[in-house]
Every structure is written in C-alpha cells, then in structure tokens.
Amino acid sequence: MIKKPRPRTERRERERAQDKLARDRERLARLEPGGAPERPIDLESASQVEVHARSLRCARCGDEARVEAHEARVVTDRRLRLVRLLCPSCGARREVWFRLASMLPS
C-alpha cells in the first residue's frame, strides 16, 4: 500500500523544486548576452543602457526588475557599462553588462 504524503511534505517538495528552477534560471541568465563582461550587450549610446535594462525581467521570478545602479567600468582594456538590477518581488539581484558601439572622441 502506497502512503499519500502529508500536505506539508508535498508543499516543501514543491518549494524545493521551485527554488531549484529559480537557481537554474539565474545560471542561464549569467550565460546569456549581458550576463558577464565577456558577453556584453551591444548598444549604440549610453542613453539606451537604462532603457534596455528596465525592459529585462527578473531571472528568478520573471517579474519586472528595477535599476539600482549604472556604472562605467574598464574590464581588460574594454570600456563597459554595468547595470545592477533588483527585483522588488523576490529580492534577487542581477548584473547586466553593456558595450557601447559608438564612442565619442575624447
């Protein structure tokens, strides 16, 4: 005879499965364009960085993410933009990297 699991056991198993799925989504987001300095998203100008970043969804829960910071960084002699995102729903943080295609002469 097979025993039916208790509701608490079922709920905990479901939560663990959802947490594992969320971790896998975050790992995939780090492998996508923008997930690392080696794979930045190419944009035409700095004015597009925050607009594009606001259009990205939270990798963990899929909700809208909020831009926390936008910084200019130099990584291995490449000028990049780093945007830090925060999801107000689940609290997940994410970094997205951008490269500007056209740089103005200095």
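What you see is a predicted model; the values in this text were computed from it and never measured.
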Report yes or no: does [X] contribute a side-chain atom to a donor-acceptor pair with the main-chain N or O of [Y] at less than 3.5 Å?
X     : Y     : answer
Arg54 : Glu64 : no
Arg39 : Leu31 : yes
Arg57 : Gly62 : yes

| field | Over all atoms of both residues, closest heavy-atom pair of Ala53 and Leu85 | value | O-CD2, 4.0 Å

| field | Closest contact, heavy atoms only, Ala46 versus Arg81 | value | CB-NH2, 3.7 Å

| query | Could Arg12 and Asp19 be called an ion pair, given the rule that one side-chain N must be under 4.0 Å from one carboxylate O? | reply | no

| query | In the hydrophobic cluster built from side-chain contacts under 4.5 Å, what are the other members alongside Trp97? | reply |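 Traced through the cluster, Trp97 reaches Val75, Leu80, Leu82.
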
| message | Which Ile, Leu, Val, Met, Phe, Trp or Tyr residues join Leu28 in one cluster when any pair of side-chain heavy atoms under 4.5 Å counts as a link? | response | none

I need the [X] [atom1] to [Y] [atom2] distance, nearest 0.5 Å.
X     : Y     : atom1 : atom2 : answer
Arg25 : Arg30 : CZ    : CZ    : 14.0 Å
Gln48 : Ile41 : CD    : CD1   : 11.5 Å
Ser55 : Glu50 : OG    : CD    : 12.0 Å
Arg94 : Glu26 : CZ    : CD    : 9.5 Å

If you define the side chain from C-beta out and look only at heavy atoms, does anything of [X] sit under 4.5 Å from [Y]?
X     : Y     : value
Pro40 : Pro33 : no
Glu10 : Lys4  : yes
Cys58 : Ser89 : no
Leu86 : Arg84 : no
Lys20 : Asp24 : yes
His52 : Leu43 : yes
Arg93 : Glu68 : yes

| Partners of His70 by ring-ring contact (aromatic ring centres under 6.0 Å, His included), sequence neighbours excluded? |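 Partners of His70 under the ring-ring contact (aromatic ring centres under 6.0 Å, His included) test: none.
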
| task | Could you please spell out the steps behind the salt bridge (Lys or Arg N to Asp or Glu O under 4.0 Å) verdict for Glu15 and Arg11? | result | CA-CA 6 Å; Glu15 288 171 357; Arg11 187 188 79 239; 3.5 Å; yes

| query | Does atom CZ of Arg8 have more than 12 heavy-atom neighbours, drawn from other residues, nucleotides or ligands, at distances under 6.0 Å? | reply | no

